[in-house]
Amino acid sequence: MNKTKQMVLALVGVVVLYALLKALIVTGIIGPYWQIILNESMIYVIGGLGLSIIYGFTGQFSLGHAAFVGIGAYCAGWFAITFSHYGIWASLGSLVVGMISAGLVGYLIGVPILRLKSDYLGIATLGFNFIVYDGMQNSDKLSSVLGGAQGMTGVPQFQTFEWYFVTAVIVFILVRNLVFSSHGRAFTAIRENETAADVVGISPARTKIMAFTVGCVLAGLGGALYAHNYPYVNPDSFTFLESINYLIIVVLGGMGSMTGTVITAVGWTFLLEVLRMFLSLLGPSFINLRGVLYALILIVVIILRPQGIFGGMEASFLVPRIGRRKSNAAAGS
Amino acid sequence: MVTFFQQVVNGLQLGLVYALIALGYTMVYGIIKLINFAHGDVFMVGAFMGYIGFTFVKLPWPVALVMALITCAVIGVINERLVYRPLRYAAKISALISAIGASFFIEYFTSLNFVFGPNYISYTPPIKEITWIIGGVRITDIQVVILVTVAAFLALLQLLIFRTKLGSAMRTVSFDHDAARLMGVDVDRTISFTFFVGSGLAGIGGVLFGFAYPEIWTFLGVMTGLKAFIAAVLGGIGIIPGAVLGALIMGQVEIMTAAYISSQARDAVAFAILIIVLLIRPSGILGRNEPEKI
């Protein structure tokens with residue numbers, strides 16, 4: 001399979017997937033409620049790919065990903081409200097603002113804390129998540145638009161599915177290209193053995209900061225979209241529990257598998273919603289079981305597949321030909 | 001100045017409770033390098049067992065304390081056996097995810113109506129409050145009970161770890177699993193025992209927490225557990241005196257921030273201090289920074 005053929009195939013796949021989803025929306029099989037959930041799953045894909053770069057590919061344990069999603073959501077929301085008289089341009093601009101702000105904060109916080117390793121790094125990022133959360137709670141002191149603990153309302157909404165789908169596809173293509181570029185190899189090298197990577201001339205500090213910043217940019221983009229998908233942006237949507245959701249998506253999907261991250265992001269979002277719907281159909285007393293079932297599913301899946309559902313696998317159309325010839329080491333072991 | 005000393009006493013009370021929880025985190029981390037996310041929830045179960053013990057069963061409080069200790073210790077051991085052991089030799093992150101799952105399971109299961117229920121519960125502690133005023137500082141008998149209980153259990157733990165065969169087994173396993181096995185140590189049993197002791201201490205922490213702050217609910221363990229964990233990291237995770245030191249610092253920081261800065265910022269300040277300490281001493285205050293082996 002040569003490169004052009006591979007690209008054409010991938011493109012056809014995307015168009016078919018889009019046509020299928022669009023048909024389901026037009027015919028009303030996917031109603032307005034499920035459409036918002038579909039948008040949300042795209043947001044999880046984008047944010048999840050961000051954490052996938054940071055943790056899945058580069059191995060930098062982050063328990064604070066939701067903080068960057070939140071920073072993106074708040075900055076984008078603020079921008080979209082303040083410049084709302086520019087119409088659609090304000091919304092488009094807000095996506096860029098969300099990315100830049102989260103990326104910038106990610107860079108500034110990444111430079112000092114990426115010196116920490118494994119669990120210690122996780123705890124530092126977790127702490128950062130709490131600090132950002134407290135900041136959001138008090139954000140009304142900075143600008144009344146941000147709303148503080150009350151939450152931010154009035155962000156122009158666009159629930160059109162195309163926005164989310166197209167953004168997610170673009171992000172996916174860019175991430176895929178990044179992962180198979182020389183930078184991507186450097187990420188994996190750092191994950192596998194930092195000292196060895198250093199010895200062959202990959203700067204651990206630079207590579208880690210780069211991966212972290214790129215991941216945070218994607219989190220910010222996800223956050224910006226979040227602000228446009230929900231009429232109400234609240235600090236409680238970006239707690240460390242949300243960071244754990246992202247972590248679950250990356251780990252259950254399989255570390256270092258983009259396919260896994262995408263499928264798990266969509267699957268996990270819908271699983272939780274279906275669970276909610278199914279239990280509320282059974283009766284009001286069953287709805288409380290949701291958390292218990294959620295926990296059980298999590299435990300059972302991770303015990304049955306400790307390496308993640310798609311651990312060490314990558315959809316074959318994603319893997320470049322050269323990478324495949326070298327004993328398929330590209331997809332991350 | 002009197003207010004300041006009053007805050008020191010209040011901080012000490014909180015720090016001592018954190019110490020009991022932090023010990024469990026640090027012991028488990030020391031032996032299997034796992035952040036036991038469910039530990040805070042075991043602490044919560046302890047708080048509820050104490051409450052049930054002296055409110056419904058009308059037990060004298062020391063008996064309720066022992067009951068909570070045993071219940072929590074058993075829950076900890078079951079948890080390790082069912083949820084962590086299958087993943088012991090998998091990647092560390094898999095065990096962490098299953099620990100998060102176990103934590104959610106305990107929280108949501110105990111929130112069900114036929115278990116503890118989802119509401120906040122306020123109650124009167126079984127110890128009648130007596131206040132002494134020493135140099136203007138108010139000290140309650142509950143604070144004295146907490147201090148004495150924590151000190152007693154710390155002493156017992158110290159004896160257990162350094163004077164018994166089981167303790168030396170624990171120290172060996174935390175050093176090297178394979179070498180311990182070669183020396184004839186039953187690694188699985190030692191790990192179970194570590195969970196037994198750590199979870200039991202969290203149970204006592206829960207009961208004492210209930211004495212000091214008699215308002216409990218099933219998600220109590222999330223924040224309290226996290227802060228105790230942070231305390232363990234602050235002191236140097238895996239090091240027992242470090243956990244106590246970290247917990248005492250954490251208690252002071254929290255109370256002082258609430259008293260002198262803003263009670264809203266108490267979490268943020270505590271975490272900011274943690275990040276700063278980690279940047280200066282990446283393995284915590286008492287932690288040793290071991291050179292990387294190549």
Side-chain angles (χ1 to χ4, degrees), chain A residues 55 59 61 63-64 109 112-113 115-135 137-138 149 193-196 199 239-241 244 247-248 250-252 255 285 288-308 311, chain B residues 29 33-35 37 82-87 89-113 118 222-223 226-227 229-230 232-234 237 262 264-276 278-279 282-284 287 292-294:
Chain A
Y55 187 44
F61 190 25
L63 276 173
I109 192 80
I113 70 172
R115 284 186 298 166
L116 301 174
K117 289 199 178 12
S118 69
D119 289 336
Y120 289 97
L121 178 62
I123 287 130
T125 45
L126 174 80
F128 179 69
N129 202 154
F130 275 95
I131 295 169
V132 169
Y133 176 78
D134 271 7
Q137 290 274 349
N138 295 301
N193 190 332
E194 211 176 303
T195 318
V199 168
T239 57
F240 98 98
L241 290 172
I244 285 181
L247 184 71
I248 288 172
V250 171
V251 177
L252 279 195
M255 297 273 284
S285 56
N288 296 331
L289 284 174
R290 183 167 172 255
V292 178
L293 288 176
Y294 167 92
L296 283 178
I297 293 172
L298 192 59
I299 296 173
V300 169
V301 171
I302 201 70
I303 288 181
L304 293 180
R305 297 278 306 171
Q307 72 277 50
Chain B
Y29 193 92
K33 302 283 171 289
L34 168 74
I35 304 175
F37 259 95
L82 293 181
V83 184
Y84 303 152
R85 195 174 294 184
L87 292 167
Y89 297 104
K92 253 171 65 183
I93 182 66
S94 314
L96 184 77
I97 293 285
S98 74
I100 291 170
S103 163
F104 286 160
F105 181 81
I106 299 177
E107 285 159 16
Y108 287 107
F109 182 75
T110 52
S111 297
L112 295 177
N113 285 321
V222 182
M223 264 330 272
L226 260 178
K227 286 203 198 118
F229 173 63
I230 296 297
V233 177
L234 195 66
I237 193 149
S262 130
Q264 268 187 339
R266 56 202 277 177
D267 298 349
V269 171
F271 282 107
I273 287 181
L274 170 84
I275 294 178
I276 293 164
L278 281 186
L279 289 177
S283 317
E292 206 172 331
K293 284 180 206 145
I294 299 172

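All values below were derived from every heavy atom in this structure, side-chain atoms included, with hydrogens, water molecules and symmetry-related copies excluded.
- Contacts with chain B were tallied for A:L296, A:D119, A:L116; A:D119 has the most, counting heavy-atom pairs under 4.5 Å.
- Between chain A and the residues B:P118, B:A102, B:G101, the most heavy-atom pairs under 4.5 angstrom are made by B:G101.
- The contact between B:F37 and chain A is made entirely by side chain atoms (from C-beta outward), counting heavy-atom distances below 4.5 Å.
- Nearest heavy-atom pair, A:F128 versus B:I275, reported as atom, atom and distance to 0.1 Å: N-CD1, 3.8 Å.
- B:S94 OG to B:L87 CG: the interatomic distance, rounded to the nearest 0.5 Å, is 6.0 Å.
- We find the CG-CG distance between B:L278 and B:L234 to be 7.5 Å, quoted to the nearest 0.5 Å.
- By the 4.5 Å heavy-atom criterion applied to side chains, A:L247 and A:F61 are counted as neighbours.
- Proximity to chain B is absent for every atom of A:L121, based on heavy atoms less than 4.5 angstrom apart.
- With sequence neighbours left out, the ring-ring contact (aromatic ring centres under 6.0 Å, His included) criterion links B:Y29 to no other residue.
- Of the atoms belonging to B:A91, not a single heavy atom falls under 4.5 Å from chain A.
- Of the atoms belonging to B:L96, it is side-chain heavy atoms, and not backbone ones, that fall under 4.5 Å from chain A.
- Counting heavy atoms from C-beta on, the side chains of A:I123 and B:I237 never come closer than 4.5 Å.
- Contacts between B:L279 and chain A at a heavy-atom distance below 4.5 Å involve backbone atoms as well as side-chain atoms.
- At a 4.5 Å heavy-atom cutoff, A:Y133 makes no contact with chain B through either its backbone or its side chain.
- For the pair B:L34/B:Y84, a side-chain contact is recorded, criterion being any heavy-atom separation below 4.5 Å from C-beta on.
- With a 4.5 Å cut-off on non-hydrogen atoms, B:L112 touches chain A through its side chain but not through its backbone.
- Neither the backbone nor the side chain of A:N129 comes within contact range of chain B; no heavy atoms are under 4.5 Å apart.
- Counting heavy-atom pairs closer than 4.5 Å to chain B, the top residue among A:N138, A:I297, A:L241, A:D134 is A:D134.
- Among the candidates A:L252, A:I248, A:V251, the residue making the largest number of heavy-atom pairs closer than 4.5 Å to chain B is A:V251.
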List, one per line, each side-chain donor-acceptor pair under 3.5 Å for residues 300-307 of chain A, sequence neighbours excluded.
unit_1, atom_1, unit_2, atom_2, d
A:R305, NE, A:G308, O, 3.3
A:R305, NH2, A:G308, O, 3.4
A:R305, NH2, A:I309, O, 3.1

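- Residues B:K92 and B:K33 approach most closely at CE-O, 3.6 Å, considering heavy atoms.
- Contacts between B:V269 and chain A at a heavy-atom distance below 4.5 Å are absent for every atom of the residue.
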